[in-house]
Amino acid sequence: MIKLRVMPELPEVETVVRALAQAMHDKTISGVTLTRRDLRKPFPDNLEKNISGQRVMSLSRRAKYILIHLENGRVMAIHLGMSGRIRTEYVLSARQKHDHMILQLSDGCHVILNDARRFGYVLCLPERDLHAHECFQNLGIEPLERGASGSALHKALQGRKTPIKQALLDQHVIAGIGNIYACEALFEAGINPLKPAGSLTPEACQRLMKKIQDVLNRAIQAGGSTLRDYRQVSGESGYFQHDFKVYDRAGHKCRMCGHVIARIAQGGRTTFYCPSHQT
DNA sequence: CCTTGAACCTGCGGGC
DNA sequence: TGCCCGCAGGTTCAAG
């Protein structure tokens, strides 16, 4: 059994995509069970008709979306929101609280979407319509793809007075970054999260983009991050949480300069940073 | 166009 | 033990 419980930012979604590819590639979806009609958005009207009997050609990721490419040219897109988890079970055990969608595969495997807070959602649309869909058309820089660069980031931040931390969370500016990796990347780049986004120099943007890519890649290598009391025998849990340099470290000493890590609120989210060397 | 704050929903940990 | 409060990985929408 593969069981995936992650904090769904880019590295965690990427980790889920890779694990799901193992389970789903070249399998046929033989059945769909929905236990309610909606999460944050309604499930697509014709979901069962559009995915049942379809072979899974490949899986990919865009921003924080899991994309499941089907033989009929459609894509099922899954966003995990804050609390979405996906697990696979070859022998379907008792249904758990907040299991909302169960896909049955031709080899007997079940793919189960569980989401306590229901901030996640599922879409299903023709692949050719994907980039024009409202959820995808305005997405910003994909940080690990060609085209991501300091100059692209600098351009995307032009004229923005909002603090750089909040700009990094704006998926229309740069896609895939969430609260943890925004804090971590700014720390590593030595940039104060309160700095107006548009005031970053091209050099600072270069440094920041490099650190964003760096921290995301390291987190993917580590299998993402998991929090709280998660324990798992399958070896599928990530361990990047042990590498956090600022996130959730308020009151502890900065690993770089020894100053005390601060915790502030920005736009309703918590930011952790070192006031001494993030300038 | 940009920015801000509230809203969506459930679970968990801490304080009393 | 139990209740109440604050807080949590994300996004959208209304209002200024």
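By convention in this document, chain letters (A, B, ...) are assigned in the order of the sequence lines, proteins followed by strands, and residues within each chain are numbered from 1. Just so it is clear, the values below take in all heavy atoms, side chains as well, and ignore hydrogens, waters and symmetry mates. Quick caveat: nothing in here was measured; it's all calculated off a predicted structure.
The distance from atom CG of A:Asp115 to atom P of B:dC9 is 12 Å, rounded to the nearest whole Å. If you take CG of A:Asp170 and P of B:dC1, they are 14 Å apart, rounded to a whole angstrom. If you take CD of A:Gln158 and P of B:dC1, they are 17 Å apart, rounded to a whole angstrom. Rounded to a whole Å, the CD atom of A:Gln166 is 12 Å from the C1' atom of B:dC2.
In the model, A:Lys165 has a side-chain atom that pairs as donor or acceptor with a side-chain atom of A:Asn179 under 3.5 Å.
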Inset, instruction - Could you encode protein contacts along nucleotides 10-16 of chain C as a string, one character per nucleotide from 5' to 3', using B for base contact, S for sugar-phosphate-only contact and - for no contact, with a heavy-atom cut-off of under 4.0 Å? - result: BBS----
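Classification of A:Glu184 and A:Lys245 as a salt-bridged pair fails, no side-chain N sitting under 4.0 Å from a carboxylate O. Under a 4.0 Å N-O distance rule, the pair A:Arg62/A:Glu145 does not qualify as a salt bridge.
Taking the six-membered ring for Trp and the full ring otherwise, the centers of A:His131 and A:Phe136 sit at least 6.0 Å from each other. Between A:Phe272 and A:Phe244, the gap from one ring centroid to the other reaches at least 6.0 Å.
Taking every heavy atom of both residues into account, A:Ile177 and A:Glu9 meet most closely at C-OE1, 3.9 Å.
Of the candidates C:dC7, B:dG11, B:dT4, B:dT4 carries the atom nearest the A:Pro163 side chain, counting heavy atoms from C-beta on.
OP1 or OP2 of B:dC8 has not a single side-chain nitrogen or oxygen of A:Arg118 nearer than 4.0 Å. Of the side-chain N and O atoms in A:Ser83, none sit less than 4.0 angstrom from OP1 or OP2 of B:dC9.
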